[in-house]
Amino acid sequence: GANIMQARAPVIEQRGGVTVGFLAVNSILPQNYWADDDKPGCAPMRGHTVYEQIEHDQPGTPARIHTFPHREDLAALTTSIRALKDRVDVVILSHHAGIHFVPAVIPDYQRDVGRAAIDAGADVTAGEPPPLVLACRVSYDAIVRELVRGGAADSKRSEYKEPNAIDEAIIADDLALVKLLCDSGASSAKYANLLYAVNFRYYDMVEYLLAGGADMYWQGGSLHDIVPMMYALWQYWRYDSSRIPTDAQKVPDQRMAEILVAGGYDVDRLQGDDNYDEDHGERLVVWAAYRDCYNGRYGGPIGRRTACVDMLCGVLGADVNLRKNDSSDDYQYRMMSALDVACSYGHFGLVEKLVDTYGARVHETLDKVTHTNCDFGNRRRTITVDLMTPVQWLFYWDGYGGTESSPEERLLIFRFLVARGARVSFGDVLEFQMEEVAKCMEDIESSPVQEVRKHVKPIIELAAAQLEVARQQERAR
């Protein structure tokens, strides 16, 4: 409300000849979020906390926690209930309270407020989240059955801002409870958090949810940009390292990936990051190439590998030549292929696998490529851009993947690509020489001569190899 009087004012509704009055108070709120005489906010039902030391002879032992309601807030609430009771047939109090992330624990102040409200004339006191959600959270199947029999229904997903009963049952790994919710019509698999079930390898749960229509491309809300197949390929992707179990899988899960595909998952479609229409998003094969090039970030395995690409292309049949189309500022980064990524990181093992095993194209005409994007105001437009070739990505590693490989490995990749038809221009060579030699010359005054030679030599060798290929190809043309 605009002030404390409006915040504490009831809402009165009439249904079927019965007049119902609603009051709401809030105990879970930051400092000064409550309304005052001249300040907007919510109706507060604040509480106080006291920590009692139990074992006085052992400092540092856990304390007993006592809570009790704010005296003035409680008095104002009971006064409002009594006044409302004279005007309506039924009084319902909504009290936002509890201890978040601690299931099945009711603090003292919440009990005191509930008793005082009933004594003052309230007919119902209701907390949050809904009883069905709480019952699923602690896997009380019998209570869930009674709630469903009485007509309780789950909330529909709204960007994952609301508690959801079926998600609590999934988190509890209780397939019987999930089936009870869906079979009774109290909930639906299409509102389920498939991401969680995939990440924690609940195979039977995933199969049941997919059969019931779960959204296999749901990204976990607007802040995540993760789709279920990503968790099948890389468990605990983007989890904080402190939250990752020591026995977490370090390789793609073929069984989970095949369950998703059997349920209709399209590994080639644009999805995940920036996937707000059919023209934008991440390609799983490009995402997999990034993961195989990373050196242990986001809880991944230390060292580079080819496991994610092998699973997508070798087992699931993904098209290795597809490009992503995300919201990067630079169109070169926005429309990369898996081979572009491998070259930019200088990952020879992955380059070799992509080309020789899965058929990645080492050279194609990438001038005037049609690109659809959305500018400010979400207006769609189609433009043409010139994209770099894999060989050019091999040269262009400043700040991108340079710490992951050496010039020697990039020379190996260069010779490999040229042997398979890659083309090089004098412009490519000149740009590489100018940028990379210039970088090596930085802070040269403070470096010993031998150190400078050590860094410059492999770059000059790579540049010389590029120049020789460019000359040969120019003579051939």
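Keep in mind that the numbers below use all heavy atoms, side chains included, and drop hydrogens, waters and symmetry copies.
Within the 4.5 Å cutoff, the side chain of Asp173 has no heavy atoms near those of the Ile171 side chain. For the pair Cys136 and Leu181, the minimum side-chain heavy-atom distance is below 4.5 Å. By the 4.5 Å heavy-atom criterion applied to side chains, Leu233 and Arg291 are not counted as neighbours. Residues Leu260 and Val198 are in side-chain contact: their nearest non-hydrogen atoms beyond the backbone lie under 4.5 Å apart. In this structure, Ile170 and Met205 have side chains that are in contact, with non-hydrogen atoms separated by less than 4.5 Å. A 4.5 Å side-chain heavy-atom check between Leu132 and Glu168 finds every atom pair outside the cut-off. Between Leu284 and Met230, some side-chain heavy-atom pair lies under the 4.5 Å cut-off. Residues Asp340 and Arg323 meet the side-chain proximity criterion, which asks for heavy atoms closer than 4.5 Å.
Cys343 and Arg410 get closest at one heavy-atom pair: O-NH1, 3.0 Å. For Ala257 against Leu316, the heavy-atom pair with the smallest separation is CB-CD1, 3.9 Å. Nearest heavy-atom pair across Leu180 and Val144 is CD2-CG1, 3.8 Å. The two residues Ile65 and Thr49 come nearest to each other via the heavy atoms CG2-CG2, 3.8 Å. For Leu29 against Cys42, the heavy-atom pair with the smallest separation is CD1-SG, 3.4 Å. For the pair Val320 and Ala338, the tightest heavy-atom approach, listed with the atom from each and the gap, is O-CB, 4.2 Å.
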For Leu195 and Ile226, run side-chain contact (heavy atoms from CB on, under 4.5 Å): C-alpha distance rounded to whole Å, both residues' side-chain angles, the deciding distance at 0.1 Å, then the answer. CA-CA 8 Å; Leu195 282 168; Ile226 301 171; 4.1 Å; yes
Please lay out, stage by stage, how Val362 and Phe416 fare under the test side-chain contact (heavy atoms from CB on, under 4.5 Å). CA-CA 10 Å; Val362 300; Phe416 172 86; 5.5 Å; no
Tell me, with the steps shown, if Arg149 and Glu146 meet salt bridge (charged side-chain N to carboxylate O under 4.0 Å, His left out). CA-CA 5 Å; Arg149 191 172 62 87; Glu146 287 301 310; 2.6 Å; yes
Step by step, would you call Asp253 with Arg201 a salt bridge (charged side-chain N to carboxylate O under 4.0 Å, His left out)? CA-CA 9 Å; Asp253 189 319; Arg201 306 308 190 233; 3.0 Å; yes
What do the steps show when you test Val418 against Phe414 for side-chain contact (heavy atoms from CB on, under 4.5 Å), and what is the final call? CA-CA 6 Å; Val418 169; Phe414 175 73; 3.7 Å; yes
Test side-chain contact (heavy atoms from CB on, under 4.5 Å) on Lys324 and Met335; report intermediate values, then the result. CA-CA 5 Å; Lys324 65 174 183 170; Met335 299 185 68; 5.8 Å; no
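Here CD of Gln271 is found 8.0 Å from CE of Met229. Values are rounded to the nearest 0.5 Å. Within the model, atoms NZ of Lys190 and CD1 of Ile166 stand 11.5 Å from one another, a figure rounded to the nearest 0.5 Å. Here the CD-CZ distance, from Gln31 to Arg46, works out to 8.5 Å after rounding to the nearest 0.5 Å. A distance of 6.5 Å separates CG in Leu350 from OG1 in Thr306, rounded to the nearest 0.5 Å. Atom-to-atom distance recorded for Leu339:CG and Lys353:NZ is 14.0 Å, nearest 0.5 angstrom. Put simply, CD on Glu282 and CZ on Arg269 are 13.0 Å apart, with the number rounded to the nearest 0.5 Å.
For Arg283 and Trp287, the positive end is not near the middle of the six-membered ring at less than 6.0 Å and at most 45° from its axis. For the pair Arg305 and Trp234, the cation-pi criterion (under 6.0 Å, within 45° of the ring axis) is fulfilled.
A donor-acceptor pair under 3.5 Å is absent between the side-chain atoms of Gln472 and the main chain of Val469, judged by distance alone. Between the Asp292 side chain and the Val309 main chain, a donor and an acceptor come within less than 3.5 Å of each other. Judged by distance alone, the side chain of Asp154 and the main-chain N or O of Ala165 form a donor-acceptor pair under 3.5 Å. Side-chain atoms of Asn199 never come within 3.5 Å of backbone atoms of Gln235 as a donor-acceptor pair (strictly under, hydrogens ignored). Looking only at distances, no side-chain donor or acceptor of Gln254 sits under 3.5 Å from a matching main-chain atom of Met311. Checked by atom type and distance alone, the side chain of Lys39 pairs as donor or acceptor with a backbone atom of Trp34 at under 3.5 Å. Side chain of Asn325 to main chain of Gly281: no donor-acceptor pair is present (N/O by atom type, distance under 3.5 Å, no hydrogens or angles). Thr357 places no side-chain N or O within 3.5 Å of a backbone atom of Leu354 that could act as its donor or acceptor partner.
Around the CZ atom of Arg415, the shell of radius 6.0 Å holds no more than 12 heavy atoms that belong to other residues, nucleotides or ligands. In the displayed structure, Tyr203 atom OH is contacted under 6.0 Å by more than 12 heavy atoms of other residues, nucleotides or ligands.
Ring to ring, Tyr236 and Phe200 are close: their centroids are under 6.0 angstrom apart. The distance between the ring centers of Tyr231 and Tyr196 does not fall below 6.0 angstrom.
Between Tyr290 and Tyr345, the ring-plane angle classifies as perpendicular under the 30° and 60° cut-offs.
For Asp310 and Tyr358, the side-chain atoms include at least one donor-acceptor pair closer than 3.5 Å. Inspection of the Ser27 and His95 side chains reveals an N or O donor paired with an N or O acceptor under 3.5 Å.
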